[in-house]
Amino acid sequence: MTVLSYLVPFVIALGGLIFFHELGHYLVARACGVKVLRFSIGFGPALWSRRLGRDGTEWVLAAVPLGGYVKMLDEREGAVAPEDLPRAFNRQPVSKRMSIVAAGPAANLLLAIALYVVLYTVGVREPVARIDPPAESLAARVGLLSGDRVLAVDGRAVASLPQLRWEVLAAAMRRNEVALEVERAGERLVFSLPLAGVVVDHGNDDVMVQLGLVPWRPPLEPVVGSVAPGSPAERAGIVPGMRVRAIEGKEIADWRELVEIVRAHPGETLRFTLEYDGVVAEREVFAEPTDDGQGGTIGRIGVAVRPPSDETFLVSVRYPPIQAAGMALRQTWEVSTMTLRLFGRMLLGEASLKNLSGPLTIADYAGQTARMGLEHYLRFVALVSISLGVLNLLPVPILDGGHLLYYSLEAVRGRPLSERAMEIGQQIGLALLLTLMAIALFNDVSRIWSSVSG
């Protein structure tokens, strides 16, 4: 994959989220009668700028797109004409200033809600909530079996694997056990999984893996779905629709067996027994040596499996508009509260700082979800939008939440904090923010290095 396949989805997502955040500040500032001097996406030198509107607000696209700002008329930042004094930010009542500051994070949360409403209304296709617990896993020990379909988690209905994972993750953050209602051979059964020892932490295995709730994989018929142009398979005369009956005389019942055999014989020619339109034929196919990305070599022939058409594997998750809105509100609330819990656990040392992700990881996920399809990409954007909104509401000086803290103290005291106190707070907030950014970037580089070095 090219760098652009990651960079373009990342820039679109981040630029859009920054725009909505700053638009929240801008619109509420205008509604409160405050004069806006500049609306900037990014920092540093301007790549593009225009003055628009009655106030001549300067709209800017800057060189460094990792943030943005709305600059308002303020006596603390320069002289203000007497006729404009009523429109200066610092002259507004504390309630208006708090509303303007809170509008940015609120815009991000509202955007996430809107995206979830669209997704839940249009409908998404997701793998059904069916599991395949490994032997000796916690799930297997309590009696869960391969092929069990999970219907509910702690009484809350689930239909798909992403819903199951979310409910289990939320339960692991709140309580000591989780109850799963499953369907097995037409019966409904309930199993209780203890959560003691389960760690919600990037430095550990996924919660689902820790519990043994491994996704069930449907049987894959050994039928060719596509053939890569110029591949060994194409040269051997293999075409889509052919069923692989045997390789070197070994019968093939599942596509995964085919993959294992081909991968295990790099540089060798394998004898395939194939069936097409009722006619059985044999083909000699060369397993082309290929780097496996971990310093080893595997064989490949350039074919892909025909996707399963069994409707028991995929489920359509879709709701009427009103119910979709309720689901969107619930999803946004739960992601927000879980994000806050995770921040709290990191501060208390109960969760690793490895959970922090920076721009490189976000760009990676942006590229991956964009390739998976629009619905996955929009889910990713909604999740990042919530994270951005929640992060900005943290009571850290320099963030929106820090300003809200200042104004709350002003409302209680009846007068603003001293300039010196706010200056010290800004310095502390900047140092904390830079430290978090450095840790997140270090985590990004460590993850990339681990994936490259195997």
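What you see below is based on every heavy atom in this structure, not just the backbone, and it leaves out hydrogens, waters and symmetry mates. Along the sequence shown, the residues carry numbers beginning at 1.
- At most 12 heavy atoms of other shown residues, nucleotides or ligands fall within 6.0 angstrom of atom CD in Glu136.
- Here Asn108 contributes atom CG and Leu388 contributes atom CG; the two are 4.5 Å apart, rounded to the nearest 0.5 Å.
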Can you give me every donor-acceptor pair (side chain of residues 29-36, partner residue at least two apart or in another chain, under 3.5 Å) with its distance?
residue : atom : partner : partner atom : Å
Arg30   : NH1  : Tyr26   : OH           : 2.8
Lys35   : NZ   : Asp84   : OD2          : 3.4

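- Atoms CG and CG, from Leu213 and Asp148 in turn, are 10.5 Å apart once rounded to the nearest 0.5 Å.
- Here Arg306 pairs with Glu221 in a salt bridge; the nearest charged N to carboxylate O distance falls below 4.0 Å.
- Annotation: side chain of Val11 is not in contact with side chain of Leu14 (no heavy-atom distance under 4.5 Å).
- Between the CG atom in Asp400 and the CE atom in Met98 there is a gap of 12.0 Å [rounded to 0.5 Å].
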Test side chain to side chain contact (heavy atoms under 4.5 Å, CB included) on Val178 and Val153 and set out the steps. CA-CA 7 Å; Val178 61; Val153 177; 3.4 Å; yes

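- Ring centers of Tyr319 and Tyr116: at least 6.0 Å apart, outside the cut-off.
- Using modelled atom types, one side-chain atom of Gln92 and one backbone atom of Pro86 make a donor-acceptor pair closer than 3.5 Å.
- The shortest distance between side-chain heavy atoms of Thr57 and Trp59 falls below 4.5 Å.
- The backbone N or O of Ala328 lies less than 3.5 Å from a partner atom in the side chain of Thr332, making a donor-acceptor pair.
- You'll find the side chain of Leu119 reaches within 4.5 Å of the side chain of Arg379, heavy atoms only.
- Rounded to the nearest 0.5 Å, atoms CD1 (Ile18) and CG (Leu23) are 13.5 Å apart.
- Here OG of Ser146 is found 8.0 Å from CH2 of Trp216. Values are rounded to the nearest 0.5 Å.
- Among Glu167, Arg165, Arg149, the single residue meeting the side-chain contact (heavy atoms from CB on, under 4.5 Å) criterion with Val158 is Glu167.
- No side-chain heavy atom of Val214 sits under 4.5 Å from any side-chain heavy atom of Ile131.
- Within 6.0 Å of CG on Leu52 lie more than 12 heavy atoms contributed by other residues, nucleotides or ligands.
- Side-chain contact between Arg156 and Gln163: absent, with no pair of heavy atoms (C-beta onward) separated by less than 4.5 Å.
- Taking CG of Leu329 as the reference point, atom CD1 of Ile113 lies at 4.5 Å (rounded to 0.5 Å).
- When side chains are defined from C-beta on, Val168 counts as touching Leu211, because their heavy atoms get closer than 4.5 Å.
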Table please: side-chain donor-acceptor pairs of residues 68-75 below 3.5 Å, with sequence neighbours left out.
residue : atom : partner : partner atom : Å
Tyr69   : OH   : Arg38   : NH1          : 3.4
Asp74   : OD1  : Arg76   : N            : 2.9
Asp74   : OD1  : Arg76   : NE           : 2.9
Asp74   : OD2  : Arg76   : NE           : 3.4
Asp74   : OD2  : Arg76   : NH2          : 2.6
Glu75   : OE1  : Asn90   : ND2          : 2.8
Glu75   : OE1  : Arg91   : NE           : 2.7
Glu75   : OE2  : Arg91   : NH2          : 3.2

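- In summary, Arg300 and Glu288 engage in a salt bridge, as defined by a charged side-chain N under 4.0 Å from a carboxylate O.
- The shortest side-chain heavy-atom distance between Phe89 and Arg97 falls under the 4.5 Å cut-off.
- Side-chain contact check for Ser336 versus Leu109: some heavy-atom pair is nearer than 4.5 Å.
- Applying the side-chain hydrogen bond (donor to acceptor under 3.5 Å, both in side chains) rule to Arg256 yields the partners Asp254; only residues at least two apart in sequence or on another chain are considered.
- The environment of CZ in Phe20 is sparse: at most 12 heavy-atom neighbours from other residues, nucleotides or ligands sit within 6.0 Å.
- Here Glu260 does not pair with Arg263 in a salt bridge; the nearest charged N to carboxylate O distance is not below 4.0 Å.
- Note on Arg188 versus Glu181: salt bridge recorded, some NZ/NE/NH1/NH2 to OD/OE distance being below 4.0 Å.
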